[in-house]
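All remarks here apply to the structure that follows.
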Amino acid sequence: MSRPGLVIGGYTSDTEGSGPGLTVARSHADGRLETVGETTVSGPSFVVAHPRLPLLYAVLERAADGGLAVFADDAPAPRLLAEHPSGGSLPCHLALDPEGRWLAIANYGDGTVTAYRLGEDGMPEPGPLMFPHEGRGPRPDRQEGPHAHQAVFGPGGVLYVTDLGTDQMRRFLPGMRPHPDGPVRLAPGSGPRHFLHHEGHWYVTGELDGSVRVYDDEWREAGAVRASGVSGESGVSGESGGENLPSHIALSADGRHLYVANRGPDTLSVFEVDGPRLTMTAEVPSGGSWPRHFAIDGDHLYVANQRSDSVAVLALRDGLPEPTGQALTVGTPSCVLIR
């Protein structure tokens, strides 16, 4: 039996969802998904793998007592080894440095960034570092305080964390030392969510203004585009007044295409990349409702459509996603990990 290829995290009944916890699926040659195992755990909304060891880590997105779970990457389903506090409320993202020495958690609820040093066995050590934050943005309904959203170890081992509530990119030097120059200020009211770095440019989705903004390595804004040309049913950010809350962003393997998931329009936008210049070339249905996250595996793209309880399968042809009509039923999925 071939090794399962996807681990799907999502919300559970105690975290306003309907999923089992973690779902493991096998990807067939035609992209079709088949469930092969499940692990019951509370609200594992984002999952990552250790770079060397057979371990998985997930944030447990709970409001009162956010958690971090560690799993043995067993077949047919991960086995829970330990739980630890996330250091804040509603943890929504986590990242490991390439050497597997540090694990960083973004707590959306109160904005705290938590860092665990990992032992040689990959297990979190006691005494995590916690970095609370303060500030607000111009949108009082969503930016009344800090909301750490994504953590990524970038060039030079620096940890970057978007803060939707304060319109900032927070930075931590190797060893988890706060950057002496403090956070970078991004576009006011944009609500930075997910981001990536490629060949000297940063590409950042704005959840609150429906944008993708481009910054150079000095954090000077080099351009901005709308994430979607399709209007949703309500809200303020879409081209014709419809809602669009962009979520995840990713790059094709050859670096030519940038993909953005749009909640509201329920689409994936495709941009051609030319340094700071982004040109939209296509926008296709996400295969469900509220595309919160997606992952690319070869010539297929898998979309976690949170509100339609499904992971949709899209084929990639010359870098452009095409709906296949195939989907795996999973309760309130929120992330897809390829491994």
Side-chain angles (χ1 to χ4, degrees), residues 7-10 15 21-22 39 41-62 65-74 78-133 146-163 169-179 183 193-197 248 293 295 334-339:
V7 178
I8 302 160
T15 57
L22 297 181
T39 301
V41 63
S42 171
S45 64
F46 203 84
V47 189
V48 297
H50 193 281
R52 298 185 314 276
L53 302 173
L55 296 173
L56 302 176
Y57 306 83
V59 289
L60 307 179
E61 194 170 334
R62 302 182 299 234
D65 60 341
L68 164 69
V70 186
F71 304 86
D73 193 7
D74 292 347
R79 174 170 50 89
L80 181 64
L81 298 176
E83 284 193 29
H84 299 271
S86 73
S89 63
L90 295 173
C92 63
H93 200 272
L94 76 168
L96 288 95
D97 74 335
E99 290 77 34
R101 297 174 181 171
W102 287 97
L103 182 149
I105 302 170
N107 288 283
Y108 179 86
D110 61 9
T112 300
V113 174
T114 300
Y116 277 94
R117 187 185 291 274
L118 300 181
E120 291 299 320
D121 59 358
M123 299 302 289
E125 296 183 348
L129 303 178
M130 289 182 285
F131 302 94
H133 197 44
H147 294 302
H149 216 307
Q150 185 184 31
V152 174
F153 285 92
V158 176
L159 174 68
Y160 294 86
V161 181
T162 42
D163 197 307
M169 182 69 78
R170 296 160 65 181
R171 301 174 292 175
F172 301 85
L173 299 179
M176 290 306 301
R177 294 172 291 130
H179 196 287
R193 182 182 171 98
H194 281 199
F195 65 98
L196 59 85
H197 182 263
H248 191 51
H293 188 255
S334 57
C335 81
V336 179
L337 170 67
I338 305 291
R339 63 100 169 90

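Here, residue 1 is the first one in the sequence, and each next residue gets the next number. In this text the structure is predicted, and so the values were computed from the model without any measurement.
His93 places a side-chain N or O within 3.5 Å of a backbone atom of Ala151 that can act as its donor or acceptor partner. One N or O on the side chain of Gln150 and one on the backbone of Phe195 form a donor-acceptor pair closer than 3.5 Å. The closest donor-acceptor contact from the side chain of Thr162 to the backbone of Arg193 lies under 3.5 Å.
In this structure, Tyr108 and His149 have perpendicular ring planes: the angle between them is above 60°, well past the 30° mark.
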Please walk me through it: do His133 and Val113 pass side-chain contact (heavy atoms from CB on, under 4.5 Å)?
CA-CA 8 Å; His133 197 44; Val113 174; over 6 Å; no
Can Trp102 and Leu129 be said to form a side-chain contact (heavy atoms from CB on, under 4.5 Å), step by step?
CA-CA 11 Å; Trp102 287 97; Leu129 303 178; 4.0 Å; yes
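The salt bridge (Lys or Arg N to Asp or Glu O under 4.0 Å) check on Glu99 picks up nothing, with sequence neighbours excluded.
For residues 100-114, the set of pairs meeting the salt bridge (charged side-chain N to carboxylate O under 4.0 Å, His left out) definition, not counting sequence neighbours, is empty.
For the residue pair Arg170 and Gly111, the shortest heavy atom distance occurs at NH1-O, 2.7 Å. Of all non-hydrogen atoms in Pro174 and Val158, the two that sit nearest each other are CD-CG2, 4.4 Å. Across all non-hydrogen atoms, the minimal contact from Gly87 to Thr112 is O-CG2, 3.5 Å. Ser42 and Thr15 get closest at one heavy-atom pair: OG-CG2, 4.0 Å. The minimum heavy-atom distance linking Arg52 with Gly100 is given by the pair NH1-N, 4.2 Å. Residues Phe153 and Ala95 approach most closely at CE1-O, 3.7 Å, considering heavy atoms.
Residues His50 and Leu96 have side chains in contact (heavy-atom distance under 4.5 Å, counting atoms from C-beta outward). Between Asn107 and Ser89, every side-chain heavy-atom pair lies at or beyond the 4.5 Å cut-off. At a threshold of 4.5 Å between non-hydrogen side-chain atoms, the residues Leu60 and Pro44 count as touching. Using a 4.5 Å cut-off on side-chain heavy atoms (C-beta onward), Asp163 and Val161 make no contact. Phe71 places a side-chain heavy atom less than 4.5 Å from the side chain of Val41. No side-chain heavy atom of Pro91 sits less than 4.5 Å from a side-chain heavy atom of Leu68. Here the side chains of Tyr116 and Pro85 are in contact, with some heavy-atom distance below 4.5 Å.
Here the CG-CG distance, from Asp74 to Leu56, works out to 9.5 Å after rounding to the nearest 0.5 Å. Note: Tyr57 OH to Leu94 CG = 9.5 Å, rounded to the nearest 0.5 Å. The structure places CG of Leu103 at 12.0 Å from CD of Glu125, a figure rounded to the nearest 0.5 Å. For the atom pair CZ (Arg117) and CG (Asp97), the distance works out to 10.0 Å, reported to the nearest 0.5 Å. To the nearest 0.5 Å, atom CZ of residue Arg171 and atom CG of residue Leu159 are 11.5 Å apart. Considering OG1 of Thr114 and NE2 of His84, their distance stands at 13.0 Å, rounded to 0.5 Å.
With a 6.0 Å radius and a threshold of 12 heavy atoms from other residues, nucleotides or ligands, Glu120 has its CD atom at or below the threshold.
Between His197 and Tyr160, the distance from one ring center to the other does not fall under 6.0 angstrom.
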